[in-house]
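Step one of this worksheet: look at the structure below.
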Amino acid sequence: MTRRTGHIRERSTGSVEIRYTPGTDPATGKRKIATTTIRGTRKDAEKELRRLLRALDTGEHIDPTRMTVRQWLTTWLASVRQEIAPSSHRRYSISVHQHLIPALGNLPITKVGPAHIQSFYNDLTTTGRRDNQPGPLAPRTRQHIHRVLSAALSRAVEQQVIARNPADVFKRRLPKVERKEMVVLTPEQSAALLDAAHPTPLYLPVMLALATGMRRGEILALRWRNVDLDRRIVRATESLEQPKGGLRFNPPKSGRARTITLPGFAVEELRERKRTQAEQLLKLGIRQSGNTLLCARPDGQPTTPLGLSNMFFKFIRKLQDLPTVRFHDLRHTHATQLLLAGVHPRIAQERLGHSTVALTLDLYSHVTATMQEDAAAKIDAAFQGRSKPVR
C-alpha cells in the first residue's frame with residue numbers, strides 16, 4: 001500500500017496550512033490536492049494531518065463534494081474544541097445539535113445558499129424554544145445561532161470546502177437585542193462591600209475584582225508566580241473553568257496573557273495574604289510555592305467558580321444597603337469607575353483584556369454619555385473668559 005504523506009507550512013502566527021492528496025480525480029486521472037488551515041501550533045497541524053491520512057487509509061475520509069451540513073458541523077465542532085473554552089463549546093454544541101442540524105443538516109454543504117438560511121431564520125422567529133412553549137426564539141439566542149453557523153461556514157471557506165460563506169449576507173440583518181441596564185457599585189458602595197467582606201473568605205476575590213477588573217476565572221487561577229508585589233503588578237495568564245465533570249485551567253478569554261498594575265492598597269492586602277496563607281498551609285504540612293493559588297481553599301485546593309458565585313450571591317443578599325449585584329458586576333464596577341475617573345479607554349481596555357477599544361466603549365456606553373457631558377463642561381470653562389464678539 002502506498003504511504004500517504006502531506007505537507008505543512010506556517011501561514012502566520014497561530015495559523016498552519018495542511019496540504020495532502022485524498023486521491024485521484026476519476027475524470028482526469030490527476031491527483032487531487034486538499035488544503036485545510038489549522039488554528040494552533042505546528043504540533044496541532046501534525047496531529048490533524050495524521051488524523052486525515054488515517055481517515056483516508058481507513059476509508060473514513062469524506063469527499064467535500066459529498067459532505068452534508070451535518071457532517072461538516074460535526075467535524076467543525078470537534079476541530080474547535082481545543083480553541084475555545086469548554087463553556088463556549090457547550091453553547092456551540094447546543095446551537096448545532098438542537099437548531100442547525102435539524103434544520104440544515106441533510107443539505108449538501110456545497111449547495112447551501114442564503115435562501116436556505118433565510119427560511120431557517122424565519123422559522124426561528126415563530127418556533128425553536130427549548131422549553132417547547134409557543135413564541136419566537138429570543139433575539140440573543142438567534143444572534144448566537146447565526147454566529148455559530150457563520151463561524152462554521154467561514155472555516156469551510158478557509159479549508160476550501162465551499163467557495164464563499166452564504167451566511168455573510170445576514171450580517172446587517174440580525175435581530176436587535178435590547179441591552180439590559182448594567183448594575184454597578186459606586187465607590188462608596190464598593191468600600192462598604194469590602195468592609196463587610198473583610199472577615200470572610202470572599203474578601204480576597206472581591207478585592208481583586210474591584211481593584212483589577214479581572215474575570216472570576218482569572219482571579220481563581222491566579223498563582224503567586226503571577227504576582228510581583230515589588231513592581232505592583234499581576235499577570236492574568238490562566239482562567240479556571242468548570243465544565244461538567246471537573247475543573248480546567250485554560251488561557252484567558254482573549255487568548256492572551258496581560259499585565260495589570262495594582263493599586264497600593266491591594267499590594268498591602270496581598271502581602272498580608274501571602275504571609276497568612278503560608279502559615280495556614282504550613283500547619284497542614286504544605287509549603288507555599290509560586291504554583292500556589294491565591295484564592296484557594298484552606299488546604300490549597302482551587303475554589304470552584306460556581307462555588308464562588310453562589311457564596312457571593314448569598315452574602316450580598318444579606319447586605320440591605322447594597323444592590324444585589326453578581327460577582328461579574330464587580331468587573332463592570334471597576335471599568336465604570338476607571339472611565340468616570342478619566343482613565344483613557346485604551347488603558348481600560350488593556351486592564352480588562354478586551355480585544356478592542358471599541359468593545360470597551362460599546363460595553364460601557366452608559367459611561368461615555370457622562371464623559372461627553374464632562375468634556376462639554378471643560379470646553380465651556382475654557383471659553384468662559386473669551387472676549388465677546390464685536391457687533
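Note that the structure is predicted; figures quoted are calculated from it, not measured. Just the heavy atoms: all of them, side chains too, but no hydrogens, waters or symmetry mates, feed the values below.
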Is it possible for you to say whether [X] and [Y] belong to one hydrophobic cluster, with membership spreading through side-chain heavy-atom contacts below 4.5 Å?
| X | Y | value |
| --- | --- | --- |
| Leu340 | Leu185 | no |
| Leu352 | Ile219 | no |
| Phe313 | Leu308 | no |
| Val184 | Leu210 | no |
| Leu281 | Leu294 | no |

From CA spacing to verdict: side chain to side chain contact (heavy atoms under 4.5 Å, CB included), Leu73, Ile101
CA-CA 8 Å; Leu73 288 174; Ile101 286 179; 4.0 Å; yes

Taking the side chain as every heavy atom from C-beta outward, state whether [X] and [Y] have any atom pair closer than 4.5 Å.
| X | Y | value |
| --- | --- | --- |
| Ile109 | Ile162 | yes |
| Val96 | His99 | no |
| Ile286 | Thr292 | no |
| Ile117 | Leu149 | yes |
| Leu208 | Leu222 | yes |
| Thr68 | Leu107 | no |

Within a radius of less than 6.0 Å around [atom1] of [X], do more than 12 heavy atoms belonging to other residues, nucleotides or ligands occur?
| X | atom1 | value |
| --- | --- | --- |
| Arg147 | CZ | yes |
| Arg271 | CZ | yes |
| Asn291 | CG | yes |
| Arg81 | CZ | no |

Assess whether side chain to side chain contact (heavy atoms under 4.5 Å, CB included) is satisfied between Trp224 and Arg273, documenting all intermediate values.
CA-CA 11 Å; Trp224 286 112; Arg273 168 60 177 172; 3.9 Å; yes

Any donor-acceptor pair under 3.5 Å from [X] side chain to [Y] backbone:
| X | Y | result |
| --- | --- | --- |
| Asn165 | Ser150 | yes |
| Trp76 | Leu153 | no |
| Thr333 | Asp329 | yes |
| Gln189 | Leu322 | no |
| His89 | Val80 | no |
| Asn310 | Leu306 | yes |
| His116 | Gly113 | yes |
| Arg258 | Arg351 | yes |
| Gln277 | Gln288 | no |

Assess whether side chain to side chain contact (heavy atoms under 4.5 Å, CB included) is satisfied between Leu204 and Met207, documenting all intermediate values.
CA-CA 5 Å; Leu204 190 62; Met207 185 274 292; 3.7 Å; yes

Answer yes if the ring centres of His332 and Tyr364 are under 6.0 angstrom apart, and no otherwise.
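Yes, the ring of His332 comes within the 6.0 Å limit of the ring of Tyr364, centre to centre.
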
Consider only side-chain N and O atoms of [X] and [Y], and report whether a donor and an acceptor are under 3.5 Å apart.
| X | Y | result |
| --- | --- | --- |
| Arg235 | Thr259 | yes |
| Ser239 | Asn250 | no |
| Gln337 | Thr186 | no |

Ionic contact status for [Y] with [X], cut-off 4.0 Å:
| X | Y | result |
| --- | --- | --- |
| Arg248 | Glu241 | no |
| Arg42 | Glu46 | yes |
| Glu279 | Lys283 | no |

Would Phe327 and Met311 count as a side chain to side chain contact (heavy atoms under 4.5 Å, CB included) here? Give the steps.
CA-CA 10 Å; Phe327 186 85; Met311 191 189 319; over 6 Å; no

Heavy-atom pair with the smallest gap, counting every atom of [X] and [Y]:
| X | Y | result |
| --- | --- | --- |
| Phe120 | Ala103 | CD1-CB, 3.3 Å |
| Val343 | Leu339 | O-CD2, 3.9 Å |
| Thr125 | Arg142 | CG2-NH2, 3.6 Å |
| Ala221 | Asn226 | O-OD1, 4.2 Å |
| His144 | Ser95 | CD2-OG, 3.2 Å |
| Leu240 | Thr303 | CD2-O, 3.4 Å |

Only one of Leu124, Thr126, Asp123 forms a side chain to side chain contact (heavy atoms under 4.5 Å, CB included) with Leu137, so which one is it?
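Testing Leu137 for a side chain to side chain contact (heavy atoms under 4.5 Å, CB included) against Leu124, Thr126, Asp123 leaves exactly one candidate, Leu124.
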
For Arg70, check side-chain hydrogen bond (donor to acceptor under 3.5 Å, both in side chains) against everything at least two apart and list the hits.
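side-chain hydrogen bond (donor to acceptor under 3.5 Å, both in side chains) list for Arg70, sorted by chain: Asn106.
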
Apply salt bridge (Lys or Arg N to Asp or Glu O under 4.0 Å) to the pair Glu350 and Arg346, showing each step before the final yes or no.
CA-CA 6 Å; Glu350 292 174 353; Arg346 175 68 179 178; 3.4 Å; yes

[X] side, atom [atom1]; [Y] side, atom [atom2] - distance, nearest 0.5 Å:
| X | Y | atom1 | atom2 | result |
| --- | --- | --- | --- | --- |
| Leu363 | Met182 | CG | CE | 6.0 Å |
| Gln301 | Leu247 | CD | CG | 9.5 Å |
| Leu270 | Leu229 | CG | CG | 6.0 Å |
| Gln242 | Leu220 | CD | CG | 9.5 Å |
| Leu262 | Arg231 | CG | CZ | 11.5 Å |
| Met214 | Leu330 | CE | CG | 13.5 Å |

Measure the acute angle between the ring planes of Phe170 and Tyr121, then classify it against the limits of 30° and 60° as parallel, tilted or perpendicular.
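Ring orientation, 0 to 90° scale: perpendicular.
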
Can Ser88 and Arg91 be said to form a side-chain hydrogen bond (donor to acceptor under 3.5 Å, both in side chains), step by step?
CA-CA 5 Å; Ser88 297; Arg91 290 195 296 271; 3.2 Å; yes

Would you kindly check if the NZ (Lys) or CZ (Arg) of Arg223 is within the cone defined by 45 degrees around the ring axis of Phe249 and under 6.0 Å from the six-membered ring centre?
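Yes - Arg223 lies over the ring of Phe249, closer than 6.0 Å to its centre and within 45° of its axis.
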
Quick one: which residue pairs count as a side-chain hydrogen bond (donor to acceptor under 3.5 Å, both in side chains) with a foot in residues 204-216, not counting sequence neighbours?
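side-chain hydrogen bond (donor to acceptor under 3.5 Å, both in side chains) check on residues 204-216 returns Arg215-Glu218, Arg216-Ser309.
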
